[in-house]
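What follows is a single structure, written as structure tokens, with notes after it.
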Amino acid sequence: MSRSLRHSRLAPYIYLLPAVTVLAVFFVIPTLQVAYFSLTRYTVFTDPEWVGFENYQRLGASGWFWVTLANSLLYLLVTPALIFVSLLAAFTVHARLRGERMLRLLFFLPVITPTIVAAIAWRSLLREEGGLLNAGLEELSLPAIAWLTEKPWTLISPMLVTLWKGFGFYMMILLAGLLSVPNELREAAALDGAGRLAVARHVVLPNLAPLLILVSIVSSISALKVFDEIFVTVRGVPVDHQTAVPMVYERAFVEGNFGMASALGMTLFAIILVFSLLNLWITRSRDA
Amino acid sequence: MTRSRGDIVVRALLYAGAALLVMLSVGPTLWLLFGAFSPATDDLGGIPTRLTLANVTTIWQDDGLRAALVNSVIVTFVRAGLNVLLAALAAYPLARMRFRGRGTLFVLILATMMVPEQVIVVPMFTIVVGMGMYDTLLALVVPGSVSAFGIYLCRQAFLAIPTDMEEAARIDGASTFRIWYSVMLPLAAPTLATLAVFSVIGAWSDLLWPLVVLKSESNFTLPIKINELLGQFSTNIRLAYAASVLALVPIVVFFFAAQRWLKPNMFAGAVKG
């Protein structure tokens, strides 16, 4: 490579400078700070003051912390539902039905819908009086459900929004897996007398398995990070219906307790990190 | 190949599944549209007796809503533009130049992907306040102007470009920057477009961060404005539906214009990162 210009030794750093500065200031420094804040008494009115693990001890001793954590972990149940629906969607799009292109677009519409809009639409369906879902239950002479006020429905309702908004995205990933199965392989298996189910099980599924694992990790991470759906769909529910991120928001920006919010944030970070490292490990071992 | 009876059954099941999924995808939005375009005299949550633009025209009179629409458009496009530009700049030396600390820097950049924005929202807030960006649109644009994911995506795209073209340009006397601009960028255009589309979708929907850093109504983006409409008990809920429709239309139009950049294998590549 020719290096005619004097400043060429500096050139790589100049290209990297804007992006690296932004990442350093708004990601790296905050990551170090959140760890530090979690070890301080720090509110809107006071500067951080070192208190060691006091925040964590108070978290552990408080009832709401464990309920919040349990709710966040329960929210992970949206992952199997997402996998089931996105897999079904991928199969229907891949089966070359009539209007396949239109199907793909329609399944993707929820993905581009702003979450607050999605949550409002679902809130209207889930209204306890006059909502479509409860009207349907009444038709079947089943009791109405308190979708927006009572547990466990206050978790299930936002999960419906997450499912609705997410399946089109994961469908695209799984579709990539289905499209990567060589047709010759299917045909060869069919010629050897394999039935549809056998082909699905022994040819398609092995190709899809790594992507299914990936999808479950990625959707688990975003389930742990959920905020919009809870904040909007079940607006105003008490503390014991919340998951981790809405509680971080509540502690920090409603109550002004930055130290406590940071300790909760760090706890969530630790849980998410397990999933991220799993993701990294699986991706690496597959590429290697 | 002739179709067996099993084939026909499977296809019938697939059509049934597709119909169900279409209902699921379109249903909630359709109900929102019913709410937004039905007269106040109708029962909420039914099929409208007649369609009316009254709710949409009422909410359109709200200065705050029009300001929010403008703010959302500005923030979304500036953020997406910066995302593509800064990622493409940073990815170039990572893919094509040899320099000290390249490997370490790349790993560090990737590592930031593991830190969820939701976890570090408190220190991000104090930094933004410290820089005097609180309650400005800059607070939305600057921290969101780079994603490690974007840098990764661009680097992959650059690595896939054969070096012959650059060599040819270099022999013709093109500078390094010129090569980036007139060889690398055009050849990586599909990836850059995909990154732009992802950024637009994400920025348009953003709720938590703007909620944290915006205070004045004149700076609100659409999701924050809609959130505020929901919070006022006096608000006719149909107005919130109408505002939601106004938030939905631009992104749907954008999506139909840009959907050819959303190929399944781009998604698979995206999550692998």
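By convention in this document, chain letters (A, B, ...) are assigned in the order of the sequence lines, proteins followed by strands, and residues within each chain are numbered from 1.
A 4.5 Å side-chain heavy-atom check between Phe169(A) and Leu262(B) finds every atom pair outside the cut-off. Using a 4.5 Å heavy-atom cutoff, the side chains of Phe256(B) and Leu109(A) are in contact. Using a 4.5 Å heavy-atom threshold, the side chains of Arg235(A) and Asn227(B) count as touching. Under the 4.5 Å side-chain criterion, counting only non-hydrogen atoms from C-beta, Met114(B) is in contact with Leu280(A).
The two atoms that bring Ile251(B) and Pro114(A) nearest to each other are CG2-CD, 4.2 Å, heavy atoms only. Residues Arg100(B) and Tyr13(A) approach most closely at O-OH, 2.9 Å, considering heavy atoms. Residues Gly17(B) and Thr92(A) approach most closely at C-CG2, 4.3 Å, considering heavy atoms.
Heavy atoms closer than 4.5 Å to chain B are found in both the backbone and the side chain of Leu88(A). The part of Phe253(A) that comes within reach of chain B is its side chain, from C-beta onward, which places non-hydrogen atoms under 4.5 angstrom from that chain. The part of Leu94(B) that comes within reach of chain A is its side chain, from C-beta onward, which places non-hydrogen atoms under 4.5 angstrom from that chain. Contacts of Leu16(A) with chain B are made by both backbone and side-chain atoms, with heavy-atom separations under 4.5 Å. Using a 4.5 Å cut-off between heavy atoms, Val93(A) does not touch chain B at all. Using a 4.5 Å cut-off between heavy atoms, Tyr249(A) contacts chain B through its side chain alone, with no backbone atom that close.
The most heavy-atom pairs under 4.5 Å with chain B, out of Leu268(A), Thr31(A), Leu17(A), come from Thr31(A). Contact tally against chain B (heavy-atom pairs below 4.5 Å) for Asp228(A), Val111(A), Leu106(A), Val245(A): the top residue is Asp228(A). For chain B, the option among Lys165(A), Arg123(A), Lys225(A), Met266(A) with the highest count of heavy-atom pairs below 4.5 Å is Lys225(A). Per-residue counts of heavy-atom pairs under 4.5 Å with chain B were compared for Ala121(A), Ala176(A), Pro30(A); the largest is that of Pro30(A).
Rounded to the nearest 0.5 Å, atoms CD1 (Ile116(A)) and NZ (Lys225(B)) are 12.0 Å apart.
Ring geometry for Phe177(B) versus Tyr15(A): interplanar angle under 30°, hence parallel rather than tilted (30 to 60°).
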